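These notes are about the structure you will find just below.
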Amino acid sequence: MLPAEANWQAAADAIADAQTVLVASHVSPDGDAIGSLLGIAGALRGLSKIVTAAIDEGVPDELAFLPNSQTILPKVTRGEFDLMIALDASDIERIGSVGKYGLAHSRRVINLDHHPTNTRFGDILLVMPEAVAAAEVVFDLLQYAGWQLSRDVAFNLLAGLVTDTQGFRIPATSSRCLEIAQALMEAGAPLSEIMARTLNRRSFAEVTLWQNALQSVQLQDGLISAAITQSDLEQASLHKMTDGGLVNYLVDVDAAKVAVVFKELPTAVEISFRAKPGYDVGRLALALGGGGHVLAAGCTLAGSLQQAQELVLALTRKTIDAGEGG
Ligand code: AMP
Ligand code: MN
Ligand code: MN
């Protein structure tokens with residue numbers, strides 16, 4: 001995993017030179033994916049750029065309250081762009097079809113991210129692993145370039161900070177991040193509304209899902225895991241589950257060192273990892289073709305739930321042993 005690499009001047013110059021800009025973020029978007037994307041899109045529109053914002057399949061219903069979320073397209077199939085800005089995505093596959101189209105139809109690409117597993121794709125890097133959210137990197141760019149911070153931009157950026165830090169609770173929460181949150185609130189971002197509409201809510205369908213999923217929980221020597229099957233999802237009438245609520249809940253168990261949640265898809269399995277400080281699941285997810293942070297990471301594996309569980313649980317055990325100097 002490489003150190004920070006951020007070429008602020010090149011990014012500001014590329015934006016100044018561009019008229020048409022495609023802004024993109026990762027598939028299965030979370031609050032930081034949407035918040036950082038809407039934040040930079042708003043700032044660019046403030047500079048009179050022609051902005052196309054897109055994420056495969058669009059905005060999840062629970063994030064539709066974010067200002068200007070209706071401007072995000074579910075796909076992009078036309079147009080040529082002076083610049084593409086990819087946000088919160090550690091590799092180009094993570095941006096889905098929008099990313100593929102954008103790479104082929106943009107003159108230049110800015111890779112703006114905060115994942116230590118970032119593959120450094122693109123022409124201009126703004127990759128800051130010490131930032132708690134891509135939204136923090138967007139804020140830094142705005143400050144560097146001296147662009148205006150509107151209320152809507154501040155609202156979206158604060159949503160990115162709040163969701164990626166779980167309400168300023170994760171170990172990576174820095175004093176700098178709190179200073180930025182303060183500046184965003186001063187620009188009009190409503191902290192308590194964002195908290196209420198992201199972290200402090202859930203649908204009843206999610207409770208139904210947990211009712212089933214919690215029955216699969218196992219804890220052995222610090223490794224806690226659970227599986228969500230297709231039938232659990234069907235019974236709860238849920239097609240997607242976009243937040244890491246269950247895996248975050250499990251890693252909080254006193255005896256847990258690493259938590260793993262498997263989610264069965266029709267022909268693949270999505271896996272979420274969380275670790276207590278001292279264990280590195282980012283490296284594990286990267287080795288499995290995914291990515292993330294030291295304490296929160298994920299990957300998707302082709303094949304059955306059982307195959308994924310056998311492989312991943314054995315490797316997770318090694319990650320725990322490595323954390324213990326074994
Ligand atoms: P999640 O468990 O889905 O909340 O994801 C935790 C972290 O891992 C986030 O920083 C994600 O960006 C990252 N992540 C999850 N799935 C993948 C994947 N398939 N490829 C790369 N990074 C991922
Ligand atoms: Mn994200
Ligand atoms: Mn993020």
Side-chain angles (χ1 to χ4, degrees), residues 1 24-40 55-56 59-60 62-63 66 86-96 99 111-121 126-140 156-166 170-173 177 180 198-199 224-228 240-251 258-263 265 268-275 280-302 308 312 316:
M1 296 181 202
S25 188
H26 65 79
V27 297
S28 305
D30 52 22
D32 188 35
I34 306 278
S36 61
L37 181 148
L38 287 172
I40 201 152
I55 299 183
D56 286 10
V59 179
E62 63 273 17
L63 292 169
L66 291 172
L87 299 117
D88 199 33
S90 53
D91 60 67
I92 197 71
E93 286 77 45
R94 199 74 182 130
I95 322 171
N111 172 354
L112 185 160
D113 188 31
H114 69 121
H115 292 95
T117 57
N118 188 288
T119 58
R120 272 61 178 174
F121 66 89
L126 292 178
V127 179
M128 302 283 292
E130 66 273 31
V132 294
E136 178 176 330
V137 185
V138 172
F139 180 88
D140 286 344
N156 280 304
L157 295 182
L158 189 59
L161 287 187
V162 163
T163 53
D164 261 20
T165 61
Q166 293 174 38
I170 65 165
T173 305
C177 152
I180 295 173
T198 56
L199 304 176
I224 193 162
S225 66
I228 296 166
K240 14 184 188 187
M241 201 189 58
T242 47
D243 83 305
L246 183 59
V247 72
N248 289 333
Y249 180 76
L250 294 181
V251 78
V258 172
V260 189
V261 169
F262 297 86
K263 188 174 70 171
L265 306 177
V269 183
E270 247 175 52
I271 299 147
S272 284
F273 299 101
R274 295 292 184 273
D280 182 354
V281 291
R283 194 183 290 268
L284 170 62
L286 187 65
L288 289 165
H293 308 278
V294 173
L295 303 184
C299 64
T300 303
L301 296 182
V312 171
T316 308

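Here the structure is a predicted model, which means the values were calculated and not measured. Indexing begins at 1, ligand by ligand and atom by atom, following the structure's order.
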Contact summary for T165 and C177, nearest pair of heavy atoms
CG2-SG, 4.3 Å
Between I95 and A89, the two heavy atoms sitting closest are CG1-CB, 3.7 Å
Heavy atoms only: which of S28, G298, A297, A89 lies closest to atom 16 (N) of ligand 1?
G298
Only one of I40, L126, D88 forms a side chain to side chain contact (heavy atoms under 4.5 Å, CB included) with V137, so which one is it?
L126
Atom of F273, atom of V247 and distance for their closest heavy-atom approach
C-CG2, 4.3 Å
Counting heavy atoms only, which of H115, K263, R274 comes nearest to atom 12 (O) of ligand 1?
H115
If I consider every N, O or S atom in D164, which one ends up closest to the Mn ion (ligand 3)? I only need its name.
OD2
Check each of G291, A133, A296 against atom 14 (N) of ligand 1 and report the one with the nearest heavy atom.
G291
Testing the basics here: between L157 and A135, what is the closest heavy-atom pair and its distance to 0.1 Å?
O-CB, 3.3 Å
The N/O/S atom of D32 lying closest to the Mn ion (ligand 3) is OD2
Heavy-atom closest pair, residues A268 and T300:
CB-CG2, 4.1 Å
Has H115 got an N, O or S atom lying less than 2.8 Å from the Mn ion (ligand 3)?
no
Check D30 and report its N/O/S atom nearest to the Mn ion (ligand 2), by atom name.
OD2
Please name the pair of heavy atoms, one in L246 and one in A226, separated by the smallest distance, quoted to 0.1 Å.
CD2-CB, 4.4 Å
Only heavy atoms of H293, strictly under 4.0 Å: list the atoms of ligand 1 that pass.
10 (O)
Do the side chain of T119 and the main chain of S90 share a donor and acceptor less than 3.5 angstrom apart?
yes
State the atom name: nearest N, O or S atom of D88 to the Mn ion (ligand 2).
OD2
For the Mn ion (ligand 3), give me the closest N/O/S atom belonging to H114, just the atom name.
NE2
Among G292, S272, A259, the residue with a heavy atom nearest to atom 3 (O) of ligand 1 is S272
Considering R94, E270, H26, E93, which one's heavy-atom position lies nearest to atom 18 (C) of ligand 1?
R94
For the Mn ion (ligand 2), the nearest N/O/S atom on H26 is atom NE2
Check whether the side chains of R120 and N111 place a donor and an acceptor atom closer than 3.5 Å, and report yes or no.
no
